[in-house]
Amino acid sequence: MTQENRNSHVRVALLGCGRVAQRVHAPLLARMPGASLSAVADPSADAKAIASRLNPDIRLFDSVEALIEAGGFDAACICLPTHLHAKYAARLLHEGIPIYLEKPIATDEAETSSILEAWGPKSIPAMVGFNYRFHPVHRKVQELLREGAVGKITTIRTLFSTPPRALPEWKRNRTSGGGVLLDLLSHHADLVMYHTGARVTSVSATTRSLYSEDDNAQVTYTLDSGVLVHSSVSMTGAESDRFEIIGEDGAIRADRFRGTVTRAPRSQSATMPEMVTRSCVLAMGQLRAFRTMLDPSFEPALRTFVESVRSGKTERPDLDDGWRSLAVVLGAIESASQDSQTVRVVQNPEKAASAGGESSSTVIPADRTLKSADDEESPALTVVLVTVTGMQGIGRVLGFLTKQTIANRLQVIVVAQHDGDIKPEEESLFAAFASHRVICVGEIDDVDRSAAMALEYAQASFMTFLEDHAFPEPEWAERIVEAAESGPWDAVGTRIENGNPGTVLSWANMLMSYGRWVAAEHPGTTLHVARHNTTFRRATLEREYGSELTEMMGRDGGLLDDLLARGARFYQTPDTCVEHLNPSTWRSTLQLRIGSGRLFASSRMKKERWSAPKRAMYIVLGFAIPFIRFGLLREELLKSKARRDRIGWRAYPALTVGVVLDGIGQFLGHTIGPGKIKEKLAHFEISRARHLRGKERHLMAPSNT
């Protein structure tokens, strides 16, 4: 066909007509102005029957080979199983045929190299099916980024989940193109690079197989701009596709299924108009925006391809974009096979071809100084305990530590107020540990800041700041060390369970503070670990903060957020847990929940330098806060069946109590400020027994170890 005829009308051949092609590619190409669906190759009789209904004059073939040999088409849309992409994409490009190649472009680097080699000088239109670039939601995100809506980007978080469904055999096996990394992560990796203009330099990943090979994954990757990205992808969960870009001046949150893009200036909190809108939606039963069965991104993507064929000019996303996304996926696959070790992302696929197709990813070793051949006596873990009442305060948790399977590899540091708080006759209680040390810091009015003073005395590579009312199970230390050593993690979190689950009030305080870690099931990289009872890499704390750690570890110091902004990597392990005692009296719950809400609101006002009108709006419309928090917490905390089963009937009463009191506290914070609430909240960490019901106070007693 001459270029003149091609410019007027494009005959497109469809190579492969499976489920998605039947619903999307075939009908769109059949009715698209300036194009026609002229030929289809698929062995399925049902697929060919569907194509015939779309175009009675269509030519049908049982094999791709037969279609290509017959010719008579101007461009090809390749919707074949991934392991066949390279074979036919390279052949068509060698023959000068423009292609629209569904993602991912191939299964490995060697196949990608053959495609790019056939593409040669890149003069042939060759697009990759990253259709979400054309979605109205992501077009809006691009517009906001060009306007500088978030300032300098610091963090990106994405979630892509699809419900479990019957899959063809090739999609159940990673080597033939299946698995959640190739299927879903490839989309989000492309969108990250599309929105930021940056390349991915390193990646770490953890995968899990439920119904097919690698159908769940947690992935963390670093851009050449230094931005840290976290993606959760699943082929076994509720339908969800969310994208969040956080910067120094604000945040953008995009939800493809809801069709919404929201902008939050200078923080992750919503603007007041958004709060009102969201509260109304929650009050009406979490209404969902209407969306059509066919994603609106497919048509503009295919239309762009047709126009590029007519003009002879390649449009993006092109094959280079396809490779950049695949390189991230291949790095994630390599990392998962190496126990989540960080892997450098290959930038040039031709390197793989010369290596016989084997992966050329490079594993970046973690900073492991836990136990070396030259230092057999170094402890495996440093545990820091703070007490204002001597052994009475830490006696029970110390008993749990002596029962650890690796107790003889623990260093225990006790932070006390005065000499003599730990009596000489009590020193024998530390005999089970590798070593111990008592440091006296004077009057303790903030447990977290006092705990930070133990940093200069720590000997292990990893250290845990353990609360005196959090009791670890016997394998806790061993499992924590294993998780910490498994990758380049700067912080490792664990499951946190309710140690006094007998009341709704206990659950209210548990869910508001630690809800996301109750019955946590899946290990992997994460952006969220608990503020307390978390294990840190000592070298990271020394390098980033040193003596400034005491300020960062305070209730409003923002240690975890600051670590993320500096590129730190967090890991969550569900293999072990600590049982946490929560306030369970009405008086304590009122004080804690209202006080926490008040401190949060007043601190946010100060940090973001709210104007008087904005403060007034939050005061007037403060009634919306409990509705918003209830809906968000319900969705976040109760979507897990294991978590619902663990909490039981108390879930909704507990959340109701928690969000109402928190809303009152935020109202007070917006109206009268923090007052001395920080000092009052400190007492909840210093003297937990006072905040338990009378019949629960024995749970803090040393005699119960």
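Values below: every heavy atom of this structure, side chains too, minus hydrogens, waters and symmetry copies.
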Could you list the residues that satisfy side chain to side chain donor-acceptor pair (under 3.5 Å) with N498, not counting sequence neighbours?
S506, N582
Those residues at least two apart in sequence (or on a different chain) that pass ring-ring contact (aromatic ring centres under 6.0 Å, His included) with F570 are none
Apply side chain to side chain donor-acceptor pair (under 3.5 Å) to T535 and list each qualifying residue two or more places apart in sequence or on a separate chain.
T464
Check the side chains of Q572 and H528 for a donor-acceptor pair under 3.5 angstrom, ignoring hydrogens and angles.
no
F430 meets the ring-ring contact (aromatic ring centres under 6.0 Å, His included) criterion, sequence neighbours left out, with H436
Going by the rule side chain to side chain donor-acceptor pair (under 3.5 Å), which residues pair with E679 if we only count those two or more places apart in sequence or in a different chain?
none
T154: which residues meet the side chain to side chain donor-acceptor pair (under 3.5 Å) condition with it, sequence neighbours left out?
none
Quick one: salt bridge (charged side-chain N to carboxylate O under 4.0 Å, His left out) partners of E548, sequence neighbours excluded?
none
Check whether the ring centres of H138 and Y194 lie less than 6.0 Å apart, and answer yes or no.
no
Y514: which residues meet the ring-ring contact (aromatic ring centres under 6.0 Å, His included) condition with it, sequence neighbours left out?
H580
Show the atom names and distances, to 0.1 Å, of all donor-acceptor pairs under 3.5 Å that link a side chain in residues 471-480 to residues at least two apart or in another chain.
residue	atom	partner	partner atom	Å
E473	OE2	T576	OG1	2.9
E473	OE2	C577	N	3.4
E478	OE1	T405	OG1	2.6

State, to 0.1 Å, how close P583 and N509 come at their nearest heavy-atom pair, and which atoms those are.
O-ND2, 2.8 Å
Just to verify, what does D190 make a salt bridge (charged side-chain N to carboxylate O under 4.0 Å, His left out) with, not counting sequence neighbours?
R133
Less than 4.5 Å apart, any side-chain heavy atom of L560 and any of F536?
yes
Can you tell if the side chain of Y618 reaches within under 4.5 Å of the side chain of M605, non-hydrogen atoms only?
no
Scan side-chain atoms only and decide if S335 and Q341 contain a donor-acceptor pair under the 3.5 Å cut-off.
no
Any side-chain to backbone donor/acceptor pair from R531 onto S513? Under 3.5 Å, distance only.
no
Run the ring-ring contact (aromatic ring centres under 6.0 Å, His included) test against H691 and tell me which residues pass, sequence neighbours left out.
F684
Sorted by chain and number, sequence neighbours left out, salt bridge (charged side-chain N to carboxylate O under 4.0 Å, His left out) with R495 holds for E497
Can a donor-acceptor pair be found between the side chains of T158 and S231 at a distance below 3.5 Å?
yes
